[in-house]
Amino acid sequence: MMLRAIFFFCCESMTIKAAREKRMAQPSALKKVSDTIWELPKSYKAGMLVPARVYATEKLIKEMDDGVFEQVSNVACLPGIVNYAMCMPDGHWGYGFPIGGVAAMDPEKGVISPGGIGFDINCGMRLVRTNLTYDEVKPRLKELVDAMFYRIPSGVGSTGMLRLSHDEFRTMTEEGSRWCLKKGYAWSEDIEFTEEQGCFKGAKASKVSQRAIERGFDQVGTLGSGNHYCEIQVAKPENVFDAECARAFGFTLPDQVAIMFHCGSRGFGHQVATDYLQLFLKVMESKYNIKVLDRELSCAPFNSPEGQAYFAAMKCAANMAFVNRQMILHALRQVFSEVFRRSPEDLGMSMVYDVTHNTAKLETHIVKGKPRELLVHRKGATRAYGPGMEGLPAKYRETGQPVIIGGSMETGSYLLAGLSTGGEAFYTTAHGSGRTMSRHQAKKMYRGTKLQHDMEERGIYVRSVTWGGLAEEAGAAYKQIDEVVEATELAGLSKRVLKLTPIGNIKG
Amino acid sequence: MPYRYLDEIATADVAFEATGKDLEEVFASAAEATTHVMIEEPERLERKQKVDVKLSNEKADMLLFNFLGEFIYYKDAKKLLLRVDEIRITEGDSGYSLEAALSGEELDPKKHPLGADVKAVTLHMFRLERTQEGWRATAILDI
């Protein structure tokens, strides 16, 4: 057993070496399908069941790291995959799936894979508008950001504002945002403007380990660290691309201020993923005879006891993430209300929308002209429903779904809208700008203290728990967000509504 | 406890390579690399609280995966940052068993400048291999 194990490890070692040597190389088999679609045919790799497609402009595809091509073609080998394994324009090297990976599976013949969802289940974005303008916020900006920094816990080991028993936490994970409404932490309209109305139905806390609960029960209402942040932003008139749509999304004032934040299911979701990754590894080959090209793609048939248990546990983590973002919104409303001495209602602090990134959902899509139920994995990718689609709030029926794309803290973010032309990608678009520089490299190149000073000179006031963490998130460590959103628009996945410019930011 | 972070592997996360003359040492090095991602200067952690860990697994690499998971669990569930005091790994008919004495203290950002929160150990390119000098582990931590 030992000898075989060592041989396996040596093979992996060679893979890493090869990966290092050809890090930015595009595979020669990559074919251009259109200006924004690039395809690896089934013949690219033994075991591919469908072709792999990457959505990108020519410039973005040239800059894409080779891990994307390896990983998206590995995904194309998963049992039950329908049409294509896909990667969005902000795609980059992940684990198992690339970040930006999308795969729809047949629920009867296909698998569910934690690697296609990510450890941070329902990591997502929420955008809240105000009726304040930049001129009104500017004199109170430091006060606001400082108050946000103290009120919204962030960083390693931070605990949230709620003290819940394990039983209450379990109930909360089954109810999602509705639990917040019941407890007075949400407005009823918040539920309507949250993807899945803030609750993945069918969540079963009995499928979650005690360890996962212990890791997450006191983290509700915390940001976390890494690329998680909460940002005050301005919609400048020159950055409005579609005025009609912007109005429908509640942006009616010049230099209107909004708040965007990014966080997920914290230690709870991370443990749910870790638990099932290991369970699937045990049963995948021995019980279901499934072989994968990367252990991080460990999976189980969706229609199996293990697959269904993970689906129900994943929903609990997704619901916890909705509650996490709802509690942060509750804190933000309190902070703004205290600083401006006006009620949150009077400040017009309504949600634009809340989108999920790391999930698997049962959705109906048209395949070969017929509606078909599919299990759609999106890892670091956003659902982007087009106008008229079911599941959208009545207010957005004509505009399509708001899509919130977080950029780096220096360069800005976007509000987009889903399009009716996104069907081929199962109505999915990008989720952010995507990193181009490793965290360690960014820390070597930038000093957190200097970055904070330089950003303040440019009108962006930043607070961070760690200087190193701040340096890791420097704008230059990310792809150009303008190019990413332009690529999604050219590909017909989502259209630009407006760009938001950062003025204040807190991060873990 | 030798370890180094690998820039060229993980773009958005943190990859490291840890080495040791035997399994015990490589496990301890990998644990230290994990804790060091979460705080600066882990060597300044005082031995205020002790935790005993017992684990077993058919495979040595999955034993390491579980062992590193303990450090992430204690960070979230108990706010404890830990280092390895003693560790013993034995190989039997049904695989590997580990007994470790860990110690450390509660996370205090004033005392220990924070690093990045580690979400999970990933299995992507995760490996434990014999080398001429002993053992080498490579892991990618999700940040």
Say you draw a straight line from [atom1] of [X] to [atom2] of [Y]; how long is it, rounded to the nearest 0.5 Å?
{"X": "A:Glu296", "Y": "B:Met125", "atom1": "CD", "atom2": "CE", "value": "11.5 Å"}
{"X": "B:Thr122", "Y": "A:Asp294", "atom1": "OG1", "atom2": "CG", "value": "8.5 Å"}
{"X": "A:Arg211", "Y": "B:Tyr73", "atom1": "CZ", "atom2": "OH", "value": "6.0 Å"}
{"X": "A:Asp218", "Y": "B:Lys79", "atom1": "CG", "atom2": "NZ", "value": "4.0 Å"}
{"X": "B:Glu40", "Y": "A:Trp467", "atom1": "CD", "atom2": "CH2", "value": "12.0 Å"}

Heavy-atom pair with the smallest gap, counting every atom of [X] and [Y]:
{"X": "A:Arg295", "Y": "B:Phe126", "answer": "NH2-O, 2.9 Å"}
{"X": "B:Asp117", "Y": "A:Ser225", "answer": "N-OG, 2.7 Å"}
{"X": "B:Lys119", "Y": "A:Asp120", "answer": "NZ-OD2, 3.2 Å"}

Completion exercise
Greatest number of non-hydrogen atom pairs under 4.5 angstrom with chain B, of A:Ser438, A:Gly118, A:Ala212, falls to A:Ser438
Fill in the blank from the handout: Looking only at A:Gln278, A:Glu472, A:Lys444, most heavy-atom pairs under 4.5 Å shared with chain B are made by A:Gln278
Exercise for the section: State whether the side chain of A:Arg439 and the backbone N or O of B:Ala116 hold a donor-acceptor pair below 3.5 Å, judged by distance alone. Expected result: no
Under 4.5 Å from any heavy atom of chain B, what part of [X] do you find: side chain, backbone, both or neither?
{"X": "A:Thr159", "answer": "side chain"}
{"X": "A:Ile99", "answer": "neither"}
{"X": "A:Leu281", "answer": "side chain"}

Please classify the contact between [X] and chain A as side chain, backbone, both or neither, with a heavy-atom cut-off of under 4.5 Å.
{"X": "B:Ile140", "value": "side chain"}
{"X": "B:Phe65", "value": "side chain"}
{"X": "B:Asp13", "value": "both"}

Practice task
Answer whether the closest heavy-atom distance between the side chains of B:Phe16 and A:His440 falls below 4.5 Å.
Solution key: no
Handout entry: Residue pair B:Ile72 / A:Thr274, side-chain heavy-atom distance below 4.5 Å
Key = no
Practice task
Any chance you could lay out the salt bridge (charged side-chain N to carboxylate O under 4.0 Å, His left out) test for A:Arg266 and B:Asp76, step after step, and finish with the verdict?
Solution key: CA-CA 9 Å; A:Arg266 309 288 289 112; B:Asp76 277 336; 5.3 Å; no
Problem - Donor-acceptor side-chain pairing of A:Tyr95 and B:Asp142 below 3.5 angstrom - result: yes
Handout entry: NZ/B:Lys111: more than 12 non-hydrogen atoms of other groups inside 6.0 Å
Key = yes
